[in-house]
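Data block below; observations after.
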Amino acid sequence: MQEAYEPASVEREAQAFWESRDSFRSTEDRAKPKFYCLSMFPYPSGKLHMGHVRNYTIGDVLTRYYRMRGYNVLQPMGWDAFGLPAENAAMANRVPPAEWTYDNIAYMKSQLQSLGFALDWSRELATCKPDYYRWNQWLFTRLFRKGLAYKRTGIVNWDPVDQTVLANEQVIEGRGWRTGALVEKREIPMYFLRITAHAEELLAALDDLPGWPEQVKLMQKNWIGRSEGVRIGFPYRLENEDRVLWVFTTRADTLMGATFMAVAAEHPIALHAARQDPELARFVDECRKGAVTEADLAQIEKKGMPTGLFVSHPLANEKIPVWVGNYVLMGYGEGAVMGVPAHDERDYEFALKYKLPIKPVIRHPLGDTVPAPWRPEYAEYGVCINSGKYNGLNYQQAVDAIAADLEAKGLGEKQVQWRLRDWGISRQRYWGTPIPIVHCAACGDVPVPDAELPVVLPEDVVPDGTGNPLAKRPQFYQTKCPQCSRPANRETDTMDTFVDSSWYFARFACPDQDRAMVDERAMYWMPVDQYIGGIEHAILHLLYSRFIQRVMRDESLMPGLSEPFTNLLTQGMVLAESYYTDASGRRDWINPADVVVQRDSKGRIASAKTKDGRDVIYDGIGTMSKSKNNGVDPQALIDKYGADTARFFIIFASPPTHTLEWSDEGVEGSFRFLRRLWKFAASSHAIPELSSKEARFEIHTVLKQANYDMQKQQFNTVASAAMKILNALEKSPSREGLSILLRLLSPVTPHITHHLWRELKFGEDIMKAPWPEPDAAALEQDEVELVVQVNGKLRGSIRVPKAADRAAIEELARANPNVQRFVAGQNVKKVVVVPGRLVNLVI
RNA sequence: GCCGGAAUGGCGGAACCGGUAGACGCAGCGGACUCAAAAUCCGCCGCCCGCGAGGGCAUGAGAGUUCGAGUCUCUCUUCCGGCACCA
């Protein structure tokens, strides 16, 4: 056996072995339980980043573990290949997005292969290929015919210079990223998927997902946002016509305290008033500029302006002024809210600012009045006051009575409201799935018939950042109406890339199927038993996938299967330190790989310099980003230490759900461990079968804990366990211990363990060996150590026979000299004995 | 702003059901080997007091429950993720 550990040759050899046997190809096998392990597929951005390596290493550890546990395992890989970055790269490099994407896929695939992941490459798919996205189109036409996909207007960011729609990411401080022009909101026709039709089910089913983290379920629950309230109508007269302004509120009990109405700038009533009032028109115009995101909207200064219009209070003989408010969202509820300043913080601020009346109608813990400043107690539930016939009623009684009275007048009813909005899928962009609709002057919006699918996206387009590239291509959009055969235009919008990623997991079961979206093989592999990906996908991607799974279920593609992911592991982000040099106020970001750190005698950072000796400033730890130049390239790491070291460090450094802080020294330590393992194995040809009794107890205790941690998916302590076992083996070597160690480690570092397993003649293929289990006999102990506390403070320890009873334990504890010092002359009130753990004397 | 997390030595982290805080590793310090260095091996390593035995303090801050709290409850601070067109 070779003396030195050379990862490159070991890894090349192991990968060749797997490839020659096609080790990772999966087929349906009903003799074994199946385990479908899926990591979120990557966007082919150019090269792998650390987040990818972490995600796929975690998935691979699980895959290889379940394989050794006897499961029929599937772990596939594909490419989330449509998206905005390809268009940005195209503009920068004058290369078509398709070419850029395919090049990236080829390179990243080679990187994944060099990491030794147990992937079934025969199932590889890319969402930008017509044989994939035709099924996006097929499903869309089904939904369109059912009314589950429909067209209405939606609000987008509009760059007036480039005449193009911008993604939220492309709006920097209210301006277009390329032009710097002030971004406007614009209403354009769009297609929506009616996810709200499934809101109730998507919410209720969360309770049946025990394999999902509570935090993710809670976030989804709040996102769907079911609230019970009352829809209330405020009548008014406009242009000699009786109309009603509708609002939704969860606080109908405060209706008698409503002193103004606020409507969104896009609300018809606002637009009408603006036609008469130039000042209001300016304000409405201002509201329509700037932010579209909820985060921005929530933080802007609340502003308003009166429309001059009044509505009638539905239950009192009062007129209420209607204002336009920049904080009211047209997309949520009715686009209008009632203002109850006395009991709502935002309304309170608004009323103070614009000197609107504040009328308390609820008795709150601080009393019957609401003096400034605002106190949270004002918003609490209480009995009605100043509310006429409703006085004295509590929250529920008041809501019931008011809802009944409104209903009698035809001006209201109880209603369930959802925060969840329908999913707008239209994108005015090129690199995505063409929406399969033909616009015919005579027939309207006609879905493309199945026989004419896919509507193929041309791959030779280079977008220039202005307008929608497909809308400039007559050869794409000019077509005939499928119904009447007259000349017609294709839809030139493409689909949100979230559509692509909302069903790819099912397609992996049957990527070669060209007659259906999925076939019966999906019913074998689905649902995904273990899904792994970043916490940043906790809401959108996972919710859309749960929705589309239900849509596929309802199309009889996977009958009865509602949830796509049984178990979910949300991995933390990968962070790194960042450094910069300060040259007269200009920050020059230095990659951590090029920084040399000096430490003081206590190990703290004393100073840091670049390799050529310039002082650098430490900027703390954060996500790896281009702007701070703190990305660590996994390829450099693999080239230097090999895949096993990279995998081991990433698993060892942090539990999978936590953020991982990158450390070059830590990587060095992981490499040292593998080299020690290699050296130990190389010198192990004539070692005993079993270790000493103490070492064996240690090894099996650690193994027992490691198996428990494996179940908990706390892989970092499994890696620690492997180190502990090697430490024990170095004191007392054994074939048994080495065999346990190699198998325990094989999911994390498959190459080196593959090589050593064969080298030491344990067998031909470690992947086919059974997972190690602790030996109950090795765990037996005659004596146990107990800790003795006095008043909860540690004062000594005693060794007692395993079978010792309470009285014997207590006597031994009192006999301990140090314990006696603290107990002497005092009255022991109580003795707590925790078997196998401790004794606590309370004095 | 709203929703969801996180916080433990110089650093990453461990501590299962509320029961010895700091496993394992990194960095650091001391030693062996070496002409020297690297590599490797051995020892030390939370803070304070003490020659020592030992004692006190300590899990972001403040309170509470308990014989006993990193772990449970409440309040607060800071950082991170998401907020519907980044993926």
Side-chain angles (χ1 to χ4, degrees), chain A residues 40 42-43 45 80 83-85 154 156-157 165-171 213-216 218-219 221-223 225 292-300 327 331 346 420-421 423-429 496-498 501 534-541 543-544 570 572-573 575 597 599-605 620-623 649 652-655 657-670 672-673 675-676 679 705 708-709 712 714 716-717 719-724 727 785-789 791-794 797 818 821 829-832 834 837-838 840-843:
Chain A
M40 290 179 185
Y43 177 78
S45 53
D80 188 12
L84 196 55
V156 294
N157 304 304
V165 175
L166 298 177
N168 288 337
E169 188 189 56
Q170 298 172 315
V171 180
E214 287 304 323
Q215 55 154 314
V216 173
L218 194 54
M219 279 192 266
K221 188 180 169 204
N222 292 335
W223 183 265
V292 275
T293 71
E294 195 186 302
D296 288 338
L297 230 41
Q299 281 166 90
I300 52 172
Y327 61 92
R346 192 176 56 188
L420 181 67
R421 310 200 293 259
W423 175 11
I425 59 156
S426 295
R427 297 291 180 270
Q428 298 68 42
R429 277 192 263 285
D496 179 5
T497 56
F498 272 125
S501 55
I535 182 69
E536 66 274 19
H537 297 290
I539 296 176
L540 291 178
H541 164 61
L543 190 62
Y544 290 145
T570 50
M573 319 256 304
L575 310 179
V597 170
R599 289 173 193 277
D600 64 16
S601 62
K602 294 209 163 186
R604 283 180 284 242
I605 296 178
I621 201 142
T623 53
F649 173 70
F652 175 66
S654 193
T657 54
H658 290 199
T659 55
L660 185 154
E661 296 182 24
W662 192 257
S663 141
D664 283 331
E665 293 90 349
V667 176
E668 197 74 53
S670 297
R672 235 173 355 237
F673 166 68
R675 202 162 48 192
R676 249 175 77 212
K679 247 179 90 179
Q705 180 65 43
Y708 179 77
D709 292 346
K712 276 200 309 184
Q714 188 173 299
N716 56 322
T717 49
S720 299
M723 290 175 152
K724 288 179 192 174
N727 290 345
E785 185 168 298
L786 293 187
V787 160
V788 185
Q789 297 179 334
N791 277 358
K793 286 199 181 287
L794 176 65
S797 70
N818 200 44
R821 289 201 314 143
K829 285 195 298 197
K830 188 172 168 187
V831 180
V832 181
V834 183
R837 290 259 178 209
L838 57 72
N840 188 13
L841 306 174
V842 185
I843 58 176

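Reminder, nothing fancy here: chain letters follow the sequence lines and each chain counts from 1.
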Residue A:Glu294, side-chain atoms from C-beta onward, closest of B:C83, B:C85, B:G5: B:C83
Nucleotide nearest A:Asn840 when distance is taken to its side chain, options B:C67, B:C85, B:G1: B:C67
Among B:G1, B:A87, B:G25, the one nearest A:Ala298 by side-chain distance: B:G1
Same-atom distance (C1') from B:U71 to B:C17, integer angstrom: 11 Å
Anti or syn - B:C76, cut at 90° from 0: anti
Same-atom distance (P) from B:G25 to B:C80, integer angstrom: 32 Å
Touch class at under 4.0 angstrom, heavy-atom based, for A:Val831 against every strand present: nothing
RNA chain B stem ranges, 3 or more consecutive Watson-Crick or G-U pairs under 3.5 angstrom: B:1-7 with B:77-83, B:10-12 with B:24-26, B:28-32 with B:40-44, B:46-49 with B:54-57, B:60-64 with B:72-76
Atom-pair distance (CH2 on A:Trp662; C1' on B:G13), nearest Å: 16 Å
Earlier contact from the 5' end, RNA chain B, for A:Glu169 and A:Met573: A:Met573
Interatomic distance at C1', B:G13 relative to B:C83, whole Å: 32 Å
Rounded interatomic separation in angstrom, taking CG from A:Leu794 and P from B:G54: 11 Å
Inter-nucleotide P distance (B:A63, B:G50), Å rounded: 29 Å
Short side-chain N/O contact to B:U40 OP1/OP2 from A:Arg675, under 4.0 Å: yes
Closest to the A:Arg429 side chain, choosing from B:A27, B:A87, B:C85: B:C85
Anti/syn call for B:G9, syn if |chi| within 90°: syn
Proximal nucleotide (of B:G19, B:C85, B:G13) relative to the A:Arg837 side chain: B:G19
Sugar-phosphate, base or nothing in reach of A:Val156, heavy atoms under 4.0 Å: base
Any A:Ser654 side-chain nitrogen or oxygen under 4.0 Å from OP1 or OP2 of B:G12: no
Sugar-phosphate only, base, or nothing, as touched by A:Lys829 at under 4.0 Å among non-hydrogen atoms: nothing
Base of B:C85 paired with side chain of A:Gln170 (donor-acceptor, under 3.5 Å): no
Flag, side chain of A:Asn840 to backbone of A:Gly792, donor-acceptor distance under 3.5 Å: yes
Check: A:Leu166 main-chain N/O paired with A:Asn157 side-chain donor or acceptor under 3.5 Å: yes
Sugar-phosphate, base or nothing in reach of A:Asp80, heavy atoms under 4.0 Å: sugar-phosphate
Whole-Å C1' distance, B:A14 and B:C24: 8 Å
Sugar-phosphate, base or nothing in reach of A:Ser426, heavy atoms under 4.0 Å: base
5'-most by nearest nucleotide on RNA chain B - A:Arg676 or A:Val842: A:Arg676
d(CG, A:Leu540; P, B:G82) in whole Å: 10 Å
pair A:Leu420-A:Leu543: side-chain heavy atoms closer than 4.5 Å: yes
Length of the line joining A:Gln789:CD and B:G68:P, which is rounded to integer Å: 10 Å
B:G55 OP1/OP2 closer than 4.0 Å to side-chain N/O of A:Arg821: yes
Mutual orientation of the aromatic rings belonging to A:Trp662 and A:Phe649 [parallel < 30°, tilted 30-60°, perpendicular > 60°]: perpendicular
Out of B:C57, B:A14, B:U20, whichever nucleotide has its closest atom nearest the side chain of A:Lys793: B:C57
Rounded distance (nearest 0.5 Å) linking atom CE of A:Met573 with atom NE2 of A:His658: 15.0 Å
For atom CD of A:Glu536 and atom C1' of B:G4, their distance in whole Å: 14 Å
Phosphate OP1/OP2 of B:A84 contacted by A:Arg421 side-chain N/O (<4.0 Å): no
Sugar-phosphate only, base, or nothing, as touched by A:Trp223 at under 4.0 Å among non-hydrogen atoms: base
Nearest-nucleotide pick for A:Ile535, side chain only, options being B:G81, B:G1, B:G13: B:G81
Whole angstrom value for the distance that separates P of B:A23 from CE of A:Met723: 14 Å
Residue-phosphate contact under 4.0 Å: A:Asn818 side-chain N/O, B:G55 OP1/OP2: yes
Sugar-phosphate only, base, or nothing, as touched by A:Pro655 at under 4.0 Å among non-hydrogen atoms: sugar-phosphate
Residue A:Lys712, side-chain atoms from C-beta onward, closest of B:C16, B:G12, B:C24: B:C16
Side-chain N,O (A:Arg672) to OP1/OP2 (B:A27) below 4.0 Å: yes
CD-OG1 distance between A:Gln299 and A:Thr293, expressed to the nearest 0.5 angstrom: 8.5 Å
Separation of the C1' atoms in B:U66 and B:G12, to the nearest angstrom: 33 Å
Same-atom distance (C1') from B:C33 to B:A39, integer angstrom: 11 Å
Whole-Å gap separating C1' (B:C83) and CG (A:Leu543): 13 Å
Shortest side-chain distance from A:Lys679, nucleotide among B:U40, B:C85, B:G19: B:U40
Under-4.0 Å side-chain N/O to phosphate OP1/OP2 contact, A:Gln714 with B:A15: yes
Closest to the A:Thr717 side chain, choosing from B:G25, B:G4, B:A14: B:A14
Atom pair CD1/CE of A:Ile535 and A:Met219 - distance to nearest 0.5 Å: 4.0 Å
Between A:Asp709 and A:Thr717, a side-chain donor and acceptor under 3.5 Å: yes
P gap between B:A23 and B:U8, integer Å: 16 Å
Touch class at under 4.0 angstrom, heavy-atom based, for A:Ala295 against every strand present: base
Short side-chain N/O contact to B:G12 OP1/OP2 from A:Asn716, under 4.0 Å: no
A:Lys830 vs B:U66: side-chain N/O to OP1/OP2 distance below 4.0 Å: no
Sugar-phosphate, base or nothing in reach of A:Phe673, heavy atoms under 4.0 Å: nothing
Sugar-phosphate only, base, or nothing, as touched by A:Leu420 at under 4.0 Å among non-hydrogen atoms: base
Sugar-phosphate only, base, or nothing, as touched by A:Gln299 at under 4.0 Å among non-hydrogen atoms: base
Sugar-phosphate only, base, or nothing, as touched by A:His537 at under 4.0 Å among non-hydrogen atoms: base
Protein-nucleotide distance (A:Leu218, atom CG; B:A6, atom P), rounded to Å: 12 Å
